[in-house]
Amino acid sequence: MGRSFDIPLNLPHAGRVAQRIIEQIPPHAEDNAPLMSACGELAALLAPVYLAGENPPPSEAEALCVRAAAIGRRIVDRIEEANAGHDRLGQCVRNLFECLELGEEGAAISLRAGENPNSLARP
């Protein structure tokens with residue numbers, strides 16, 4: 001298997017990263033409604049835990065992780081469709097999955113979102 005950062009569950013930080021993903025969408029992609037919709041959906045899902053500043057109880061946290069990961073995968077699909085990927089956006093995608101305790105998937109999927117495979121920030 002590939003290398004990845006092993007980071008404990010951090011849903012509040014995942015909420016912060018969701019906002020960073022929106023900020024990293026290139027201007028030419030902002031008219032891509034499916035991409036922007038998925039990004040907004042992720043940010044809205046994670047906003048309550050971001051504002052609370054702590055992970056919810058385990059059963060709720062698990063459900064949030066499953067939903068957030070599914071939306072994250074959809075975002076990457078839309079990034080590819082819009083040809084909007086770039087290194088910083090890919091890093092944000094990787095960070096999102098790391099916060100969801102899916103670091104290995106994040107290390108792989110971030111490349112589809114444009115992360116430079118030779119980036120010093122990669123595991």
Side-chain angles (χ1 to χ4, degrees):
M1 294 279 200
R3 293 178 26 186
S4 63
F5 291 120
D6 185 23
I7 296 173
L9 182 66
N10 190 336
L11 289 170
H13 190 64
R16 180 177 293 116
V17 173
Q19 289 297 320
R20 289 179 184 162
I21 289 172
I22 292 170
E23 294 165 5
Q24 292 299 320
I25 299 297
H28 77 272
E30 288 182 1
D31 63 348
N32 185 307
L35 173 56
M36 297 310 291
S37 176
C39 289
E41 185 180 348
L42 179 64
L45 175 71
L46 296 172
V49 292
Y50 171 70
L51 294 172
E54 59 185 49
N55 290 328
S59 62
E60 185 181 338
E62 184 177 339
L64 273 174
C65 285
V66 169
R67 290 181 60 202
I71 298 168
R73 292 179 194 107
R74 197 167 73 238
I75 288 170
V76 172
D77 290 343
R78 301 301 174 256
I79 289 169
E80 286 182 313
E81 290 169 5
N83 195 28
H86 61 86
D87 187 50
R88 185 67 188 117
L89 181 56
Q91 289 174 20
C92 288
V93 166
R94 179 174 44 79
N95 292 159
L96 171 71
F97 280 82
E98 289 168 348
C99 290
L100 301 175
E101 293 186 318
L102 297 170
E104 191 167 320
E105 180 178 0
I109 201 169
S110 67
L111 298 173
R112 292 179 43 215
E115 186 174 22
N116 179 344
N118 300 314
S119 171
L120 295 176
R122 286 186 60 78

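Just the heavy atoms: all of them, side chains too, but no hydrogens, waters or symmetry mates, feed the values below.
- Listed for the H13 side chain is no donor-acceptor partner under 3.5 Å among the backbone atoms of N95.
- Under a hydrophobic clustering in which Ile, Leu, Val, Met, Phe, Trp and Tyr are joined whenever their side-chain heavy atoms come within less than 4.5 Å, directly or via other members, I25 and L45 fall into the same cluster.
- Note on I75 and L111: separate hydrophobic clusters, where clusters join Ile, Leu, Val, Met, Phe, Trp and Tyr whose side-chain heavy atoms are under 4.5 Å apart, directly or indirectly.
- Residues P26 and A84 share a closest heavy-atom pair of CG-O, 3.2 Å.
- Of all heavy-atom pairs spanning A69 and L100, the tightest one is N-CD1, 3.8 Å.
- A donor-acceptor pair is defined here as one N or O able to donate and one able to accept, closer than 3.5 Å; no such pair exists between the side chain of N10 and the backbone of C99.
- Residues E81 and R78 are paired through a salt bridge, judged by an N-O separation under 4.0 Å between the basic side chain and the carboxylate.
- L9 and I71 fall within a single hydrophobic cluster, where Ile, Leu, Val, Met, Phe, Trp and Tyr are joined by side-chain heavy atoms under 4.5 Å apart, directly or via other members.
- Closest non-hydrogen pair, H28 versus A82, comes out as NE2-O, 3.6 Å.
- Within the 4.5 Å cutoff, no side-chain heavy atoms of E101 are placed close to those of C65.
- L46 pairs in a side-chain contact (heavy atoms from CB on, under 4.5 Å) with only one of the listed residues (L51, V17, L96), which is L96.
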Exercise. Would you check, one step at a time, whether the test side chain to side chain contact (heavy atoms under 4.5 Å, CB included) holds for V93 with E115?
Key: CA-CA 9 Å; V93 166; E115 186 174 22; over 6 Å; no

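- For CD of E62, the number of neighbouring non-hydrogen atoms (other residues, nucleotides, ligands) closer than 6.0 Å is 12 at most.
- Not a single donor-acceptor pair under 3.5 Å links the side chain of N116 to the backbone N or O of D87.
- Grouping the Ile, Leu, Val, Met, Phe, Trp and Tyr side chains by contacts below 4.5 angstrom, directly or via other members, places Y50 apart from L42.
- Between R20 and C92, the shortest heavy-atom contact is CB-SG, 3.9 Å.
- Atoms CD and OG, from E98 and S110 in turn, are 8.0 Å apart once rounded to the nearest 0.5 Å.
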Quiz prompt | Stepwise side chain to side chain contact (heavy atoms under 4.5 Å, CB included) test for I79 and L35 | solution = CA-CA 7 Å; I79 289 169; L35 173 56; 3.8 Å; yes

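- Of all heavy-atom pairs spanning N55 and P12, the tightest one is OD1-CD, 3.2 Å.
- Side chains of Q91 and R88: a donor-acceptor N/O pair is present below 3.5 angstrom, by distance only.
- Here the shortest heavy-atom pairing between L64 and P56 reads CD1-CG, 3.9 Å.
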